Number of protein chains: 2
Amino acid sequence: MSVSTPHTHGQTIENFIDKIPSFDDFGKIAAIFKQLEDPNRLRIFWILCHSEECVTNIGYIMKMSNPAVSHHLRLLKSADLITSDRKGKEVYYKACNTPLVHQLHDVMEDVLRIACPFGNEHIL
Amino acid sequence: MSVSTPHTHGQTIENFIDKIPSFDDFGKIAAIFKQLEDPNRLRIFWILCHSEECVTNIGYIMKMSNPAVSHHLRLLKSADLITSDRKGKEVYYKACNTPLVHQLHDVMEDVLRIACPFGNEHIL
DNA sequence: TTAACAATTAAACATTTATTTAATTGTTTA
DNA sequence: TAAACAATTAAATAAATGTTTAATTGTTAA
């Protein structure tokens, strides 16, 4: 084995040290988790997993200003977690229907042990 | 229905607006995601999902200083994602064997599309 | 009991980020 | 076209966070 740690102690690290993904690889995952680190943003994401809503309504539910909501929506969208759709004057947002979103939704429900109001199969 | 959003547009939000978990509830989940938002910390977590390692070795692999590693380990531990075990002079860390850790590990593997070196059943 | 090593803690600094207020863009209807 | 409404963007501020250097605690071996 060509790679060796300072303290070789019979563990397995030397067996896969050269298979560890790079900093950049983990940066991609971290970018997703980063969007869910803020309680307000996470709550918005959860809501959009269960309903399609416009910015004003989200602000009303969240008791937040319009620009603050817009800020969070932009971040969630940049991570491909939600999509937007303008209908007249309003812009409607909802969660993307992707495996990742479903997985993240499941994690949320598990951690919260929420009874998902419509059952997980109703995620948007 | 007693609760109504500013723009009632025939969506489902009014049906579960009073079932939306609180800010504090989402704070609990966010606290977990928060620990995985930093690429370095996430990478450390991934390593500890596959091997039990001491602080010095983690620093060697990560090319990070000892205090920096210690800082990240403390945060991961405070979120119950890793455990520590002192053996002589060294303190060994590894991922907790909990459903949440397995779930987060799966998310990471899926996003990265890594071939888990030992298969997911070998997670520590 | 010293000396050496491993790990943590503390203080300081630089960077990032969430929110507010104000201004701007986009869309509808009067 | 003008007025009203919805949403976004910009600038500014306050708060949180990662890393470094230095000091401290804990453990082992000489």
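Convention: sequence-line order gives letters A, B, ...; per-chain numbering from 1. Remember, predicted model here, so these are calculated numbers, not experimental data.
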When you measure from the side-chain N and O atoms of B:Ser65 to the phosphate of D:dT19, is any distance below 4.0 Å, counting only OP1 and OP2?
no

Residues from residues 70-77 of chain A sitting under 4.0 Å of DNA chain C, heavy atoms only?
A:His71, A:His72, A:Leu75

Just to confirm, is there a sub-4.0 Å distance from OP1 or OP2 of C:dT19 to any side-chain nitrogen or oxygen of A:Asn66?
no

Identify, with sequence neighbours excluded, every residue that meets side-chain contact (heavy atoms from CB on, under 4.5 Å) alongside B:Ser70.
none

Is there a side-chain contact between B:Thr56 and the phosphate of C:dC5, meaning an N or O under 4.0 Å from OP1 or OP2?
no

Taking only residues two or more places apart in sequence or in another chain, which ones pass side-chain hydrogen bond (donor to acceptor under 3.5 Å, both in side chains) with B:Arg43?
none

Return the set of residues passing side-chain hydrogen bond (donor to acceptor under 3.5 Å, both in side chains) with A:His72 (not counting sequence neighbours), or none when no residue passes.
A:Arg41

Specify the closest pair of heavy atoms between B:Asn57 and B:Glu53, including all atoms of both residues, with the distance to one decimal.
ND2-OE1, 3.0 Å

What are the two closest heavy atoms between B:Ala95 and B:Val101, and how far apart are they?
CB-CG1, 4.0 Å

Please list, in numerical order, the residues of residues 31-39 of chain A that have a heavy atom closer than 4.0 Å to any atom of DNA chain C.
A:Lys34, A:Glu37, A:Asp38

Between A:Arg41 (CZ) and C:dT19 (C1'), how many Å, whole number?
12 Å

What pair of heavy atoms forms the shortest contact from A:Trp46 to B:Lys19, and how long is it?
CH2-O, 4.4 Å

Among residues at least two apart in sequence or on other chains, which ones pass side-chain contact (heavy atoms from CB on, under 4.5 Å) with A:Ser78?
none

Partner residues of B:Leu73 under the side-chain contact (heavy atoms from CB on, under 4.5 Å) criterion, sequence neighbours left out:
B:Ile44, B:Leu48, B:Val55, B:Ile58, B:Val69, B:Ile82, B:Tyr93

Taking the side chain as every heavy atom from C-beta outward, state whether B:Ile32 and A:Val107 have any atom pair closer than 4.5 Å.
no

Tell me which pairs pass salt bridge (charged side-chain N to carboxylate O under 4.0 Å, His left out) where either residue lies in residues 23-35 of chain B, with sequence neighbours left out.
A:Glu37-B:Lys34, B:Asp25-B:Lys28

A:Met62 versus A:Ile47, closest heavy-atom pair with distance
SD-CD1, 4.0 Å

Once each nucleotide of nucleotides 22-30 of chain C is scored for protein heavy atoms under 4.0 Å, what B/S/- sequence comes out, 5' to 3'?
B----BS--

For A:Phe45, ring pair (Phe, Tyr, Trp, His ring centres under 6.0 Å) partners two or more places apart
none

Hits for side-chain contact (heavy atoms from CB on, under 4.5 Å) against B:Pro39, two or more places apart or cross-chain, chain-then-number order -> A:Phe23, A:Ala30

Compute the angle between the rotation axes at the two ends of the helix from C:dT1-D:dA30 to C:dA30-D:dT1, each taken over five pairs, rounded to 10 degrees.
20°

Under 4.0 Å: is that the gap between some side-chain N or O of B:Tyr93 and OP1 or OP2 of C:dT8?
yes

